[in-house]
Amino acid sequence: MNLIEEFRWRGLFQDMMPGTDTFLMSGPTRGYVGVDPSGDSMHIGNLVAVTMLVHLQRAGHSPVALVGGATGMVGDPSGKDKERPLMSEELLRHNAECIRRQLESFLDFDTKLNPAEVVNNYDWLGQMGFLDFLRDVGKHIPISYMLGKESVKKRMTSESGISYTEFAYQLLQGYDYYWLYTHKDVRLQMGGSDQWGNITTGTELIRRKVGPDAQAYAVVCPLLTREDGTKFGKTADGSSVWLDPNRTSPYEFYQYWRNATDADAEKYIRLFTLKGREEIEALIETHRAAPHQWALQLQLAEEVTRRVHGDTGLASAQKLTQFLYGGYSTREALAGLSAEDWAAAARVSDTKSFARERLTTGVNILDLLTELEIAKSRSDARRAIEADKSVRINTERCESPEAVIGLEDVFHGQYLQVQRGKKEKYIVALVS
């Protein structure tokens, strides 16, 4: 496989070191991507670079995923307008382990030909003394070279400035590449375009320490950005799309792709799925002919959710989508939803709270509808049941105003569904 050409048509290519394409076509090699463990989960911005590793492995090369247990203690200034708070070593170890487990779900570690590997740069940087760092790394990179990096220049002129800690970050990442070059035979580093300065510091360090003929290459992809052009990463407003199901449920993850615009769906299906070029182009053509059927978004949501959450997570997301948007369901279908499914549905639905104690002895349906403000009064509730026949409890039509709702109607001891007409559908969450 011509890896660079694969990156180009998928939208995964922005720039490369001269000769990278020729080198990759000359035979199998080892390449790596670094992941910052500043959180305990990767997000879909990270998934772009991880997908580059997947394509690297599919092209016959050996992927190495580096978790920055040491560099995470410093913080990368790239793309940041101020220095972030330093994290404890204990928290970084926890985050690094969580990310390592996520990485293992995307790459093949068992193949005999080109198995993947996960490394943590704390294993070598954590053992290096300050004087050794100055002699073995700092000595080889001039200050003028470091000042020329865009991430440094931007912060030098900002109000917050840049500390020596962050200024030296590019040397740490550069040494990572050198260490992997000499100990793991790595000849390629990949990443987002914001990492270009750090990556090329690595190739420069290798050239200066190993020699001008050293084979060290690099390729970067465009950053995944939001509509306002900002980098898609960890956000304070909680809008990140995480790979951890405890942060972004499989249902919420599925819906993110399902709700993509047509333009984004065409871009995302190339970036995030492993479908071939002909299949993707056929899908796009089909979608453009009948965009109201959402064929492209459905295929995108299905494939990416399966990649991240497996068949079980995809099935859960699809069941929940049917439950929330598929019209009348069945009680059996509701019983098949897990407690996590119900909790995810409650986060994105019209959800009302009701005291659990009230259901221990049962509550009349008229009182339930009135207290939940689904009906304006008991007489309004009675009319909805008898005349309109529009009230359903857990998808089943309520036939009598004398009906009593009790704990036996509750799923997982906490949830039930109440519906009035086609548009008013609520999840009731029991609280103490």
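Hydrogens, waters and symmetry mates are skipped; everything else that's a heavy atom, side chains included, is used.
Atom CD of Glu357 sits in a crowded spot, with more than 12 heavy atoms from other residues, nucleotides or ligands closer than 6.0 Å. The environment of CD in Gln127 is crowded: more than 12 heavy-atom neighbours from other residues, nucleotides or ligands sit within 6.0 Å.
Not a single donor-acceptor pair under 3.5 Å links the side chain of Gln417 to the backbone N or O of Tyr426. Distance alone, capped at 3.5 Å, places no donor-acceptor pair between the Asn114 side chain and the Ser62 backbone. Formation of a donor-acceptor pair under 3.5 Å by the Thr351 side chain with backbone atoms of Arg347 is not found in this model. The backbone N or O of Ser41 sits nowhere less than 3.5 Å from a side-chain atom of Asp244 that would complete a donor-acceptor pair. Looking at Asp380, its side chain does come within 3.5 Å of a backbone N or O of Lys376 through a donor-acceptor pair. Although no hydrogens or angles enter the test, the distance criterion places a donor-acceptor pair under 3.5 Å between the side chain of Asn259 and the main chain of Gln255.
The minimum heavy-atom distance linking Leu320 with Asp341 is given by the pair CD2-O, 3.3 Å.
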- Task: Starting from the C-alpha separation in whole Å, work towards a yes-or-no answer on ring-ring contact (aromatic ring centres under 6.0 Å, His included) for Tyr175 and Tyr178.
- Result: CA-CA 5 Å; Tyr175 185 74; Tyr178 171 77; 5.8 Å; yes

- Step-by-step ring-ring contact (aromatic ring centres under 6.0 Å, His included) determination, Tyr268 to Phe272: CA-CA 6 Å; Tyr268 291 163; Phe272 292 104; 5.7 Å; yes

- Item | Chi angles and distances behind the side chain to side chain contact (heavy atoms under 4.5 Å, CB included) call for His61, Gln57 | CA-CA 5 Å; His61 306 290; Gln57 188 169 38; over 6 Å; no

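Between His55 and Phe7, the two ring planes are perpendicular [angle over 60°; tilted spans 30° to 60°]. A parallel orientation is assigned to the rings of Phe411 and Trp342, their planes being inclined by less than 30° (bins at 30° and 60°).
Side-chain contact between Glu5 and Arg277: present, with at least one pair of heavy atoms (C-beta onward) separated by less than 4.5 Å.
Considering only residues two or more places apart in sequence or on other chains, His292 meets the ring-ring contact (aromatic ring centres under 6.0 Å, His included) condition with none of them. Annotation: ring-ring contact (aromatic ring centres under 6.0 Å, His included) contacts of Trp196 (sequence neighbours excluded): none.
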Table please: side-chain donor-acceptor pairs of residues 28-35 below 3.5 Å, with sequence neighbours left out.
from: Arg30; atom 1: NE; to: Lys184; atom 2: O; distance (Å): 2.6
from: Arg30; atom 1: NH2; to: Glu117; atom 2: OE1; distance (Å): 2.8
from: Tyr32; atom 1: OH; to: Gln189; atom 2: OE1; distance (Å): 3.1
from: Tyr32; atom 1: OH; to: Gln189; atom 2: NE2; distance (Å): 3.0

